[in-house]
Undergrad: 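Have a look at the structure that comes next, please.
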Amino acid sequence: FDDQAKLSLLAANVIHADESGIGIGLVDRWIHVAASDDVVRFHLGNRGHAGVEAGQVLQHTAAAVCVDDYSTYDKFVGGWAAQLPCWSHWIRRLERIAGLPNCKWAQDLADEMRNAIHVANQARDRGRPQLPVREQRRLEKRVARLCTAGIKACAPDAYDTDEKALIRRKGLLLATRIQSHPHALDF
């Protein structure tokens, strides 16, 4: 089955990859996941490039690959059709930022992303491969406006506590990443 799963993933147009820490006895390991519409494959490995590479999929695929912002994935993108961002990760990070003063933009952006996912799923259910053009343009404008608001709201504040300064910095980096990611709004 494992060889068939690898072959199926290598033939896929889009792959979602992720990793998560797991304790096995007293040893920390990483479970790595690669999934397509047809198959999900897990393997245990170390953290980092070698652990991802042990799955023998991401370094050999020409698919578009949806991943979080874990920098290890950046080492594989040369052969990929595109590196797509994982919106679930972005939405969770936006929601952590949303509780800070002047950071309503983060919750608004998370809500906008959830709505876009809903609209994209509706389009797929109707047999359309992408968002309607009008909806795509509306989304692009709204995301750009909310990211700009986030960049302004997360500017460093001399009165921030260390924890608030760290969260603001993460908000600034995330808003900048979303705004500048070449495939941020690909569906």
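Nothing here was measured: the structure is a model prediction, and the numbers come from that model. Throughout, residue positions are numbered sequentially from 1 according to the sequence presented.
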Undergrad: Do other residues, nucleotides or ligands put more than 12 heavy atoms under 6.0 Å from K152 NZ?
TA: no
Undergrad: If I compare all heavy atoms of Y73 with all of W80, which pair ends up nearest, and what's the gap?
TA: O-CH2, 3.8 Å
Undergrad: Could you go step by step and tell me if Q83 and D74 meet the side chain to side chain contact (heavy atoms under 4.5 Å, CB included) rule?
TA: CA-CA 8 Å; Q83 182 177 3; D74 295 340; 3.2 Å; yes
Undergrad: Please report the closest heavy-atom contact between I15 and L9, naming both atoms and the distance.
TA: CD1-O, 3.3 Å
Undergrad: Enumerate the side chain to side chain donor-acceptor pair (under 3.5 Å) contacts for residues 36-57, please, sequence neighbours excluded, ordered by first and then second residue.
TA: D2-R41, K6-Q56, H49-E53
Undergrad: Is the closest side-chain heavy-atom distance between H16 and L84 below 4.5 Å?
TA: no
Undergrad: Tell me, do K75 and V52 make a side-chain contact under 4.5 Å, heavy atoms counted?
TA: no
Undergrad: Under 4.5 Å between side-chain heavy atoms, chaining through other members, with only Ile, Leu, Val, Met, Phe, Trp and Tyr counted: pull out the rest of the cluster around I151, sorted by chain and number.
TA: L172
Undergrad: Run the side-chain hydrogen bond (donor to acceptor under 3.5 Å, both in side chains) test against Q59 and tell me which residues pass, sequence neighbours left out.
TA: none
Undergrad: Side-chain heavy atoms under 4.5 angstrom apart, residues restricted to Ile, Leu, Val, Met, Phe, Trp, Tyr: same cluster for L7 and V57?
TA: no
Undergrad: Run the side chain to side chain contact (heavy atoms under 4.5 Å, CB included) test against D28 and tell me which residues pass, sequence neighbours left out.
TA: none
Undergrad: Would V119 and L139 count as a side chain to side chain contact (heavy atoms under 4.5 Å, CB included) here? Give the steps.
TA: CA-CA 11 Å; V119 171; L139 177 64; over 6 Å; no
Undergrad: Does N115 have any side-chain hydrogen bond (donor to acceptor under 3.5 Å, both in side chains) partners at least two apart in sequence or in another chain, and if so, which?
TA: none
Undergrad: Please give the remaining members of the hydrophobic cluster of I24, linking ILVMFWY side chains under 4.5 Å, ordered by chain and number.
TA: I22, I31, V33, V40, F42, L44
Undergrad: Please enumerate all residues that pass side chain to side chain contact (heavy atoms under 4.5 Å, CB included) together with R134, with sequence neighbours excluded.
TA: none
Undergrad: R142: which residues meet the side-chain hydrogen bond (donor to acceptor under 3.5 Å, both in side chains) condition with it, sequence neighbours left out?
TA: E112
Undergrad: Mind checking what makes salt bridge (charged side-chain N to carboxylate O under 4.0 Å, His left out) contact with D108, not counting sequence neighbours?
TA: K104
Undergrad: For the backbone of A144 and the side chain of T148, can you confirm whether one donor and one acceptor N or O come within less than 3.5 Å of each other?
TA: yes
Undergrad: Counting C-beta onward and ignoring hydrogens, is there a side-chain heavy-atom pair between L174 and L94 closer than 4.5 Å?
TA: yes
Undergrad: Before giving the answer on side chain to side chain contact (heavy atoms under 4.5 Å, CB included), spell out for R124 and N121 the whole-Å C-alpha distance, their side-chain angles and the decisive distance to 0.1 Å.
TA: CA-CA 5 Å; R124 285 188 194 105; N121 287 336; 3.2 Å; yes
Undergrad: Verify the cluster assignment for W30 and V67: are they in a single hydrophobic cluster under the rule of side-chain heavy atoms below 4.5 Å apart?
TA: no
Undergrad: Please report the shortest heavy-atom distance between A81 and A64, naming the atom on each side.
TA: CB-N, 3.7 Å
Undergrad: Taking atom CZ of R126 and atom CD of Q122, what is their separation to the nearest 0.5 Å?
TA: 5.0 Å
Undergrad: Grab the two heavy atoms, one from C86 and one from C66, that are nearest each other, plus how far apart they are.
TA: CA-SG, 3.7 Å
Undergrad: Going from CZ on R128 to CD on E135, what distance comes out if it is rounded to the nearest 0.5 angstrom?
TA: 11.0 Å
Undergrad: Within the structure provided, determine whether L58 and H32 are in side-chain contact (heavy-atom separation under 4.5 Å).
TA: no
Undergrad: List for me each residue that meets side chain to side chain contact (heavy atoms under 4.5 Å, CB included) alongside C103, sequence neighbours excluded, and say none if there are none.
TA: I97, L100, W105, C154
Undergrad: Quick check: are there more than 12 heavy atoms from other residues, nucleotides or ligands sitting under 6.0 Å from CZ of R137?
TA: no
Undergrad: In chain order, what residues pass the side-chain hydrogen bond (donor to acceptor under 3.5 Å, both in side chains) check against S88, with sequence neighbours excluded?
TA: none
Undergrad: Can you find a pair of side-chain heavy atoms, one from W90 and one from I178, that are under 4.5 Å apart?
TA: yes
Undergrad: Which residues pass the side chain to side chain contact (heavy atoms under 4.5 Å, CB included) test with N13, not counting sequence neighbours?
TA: none
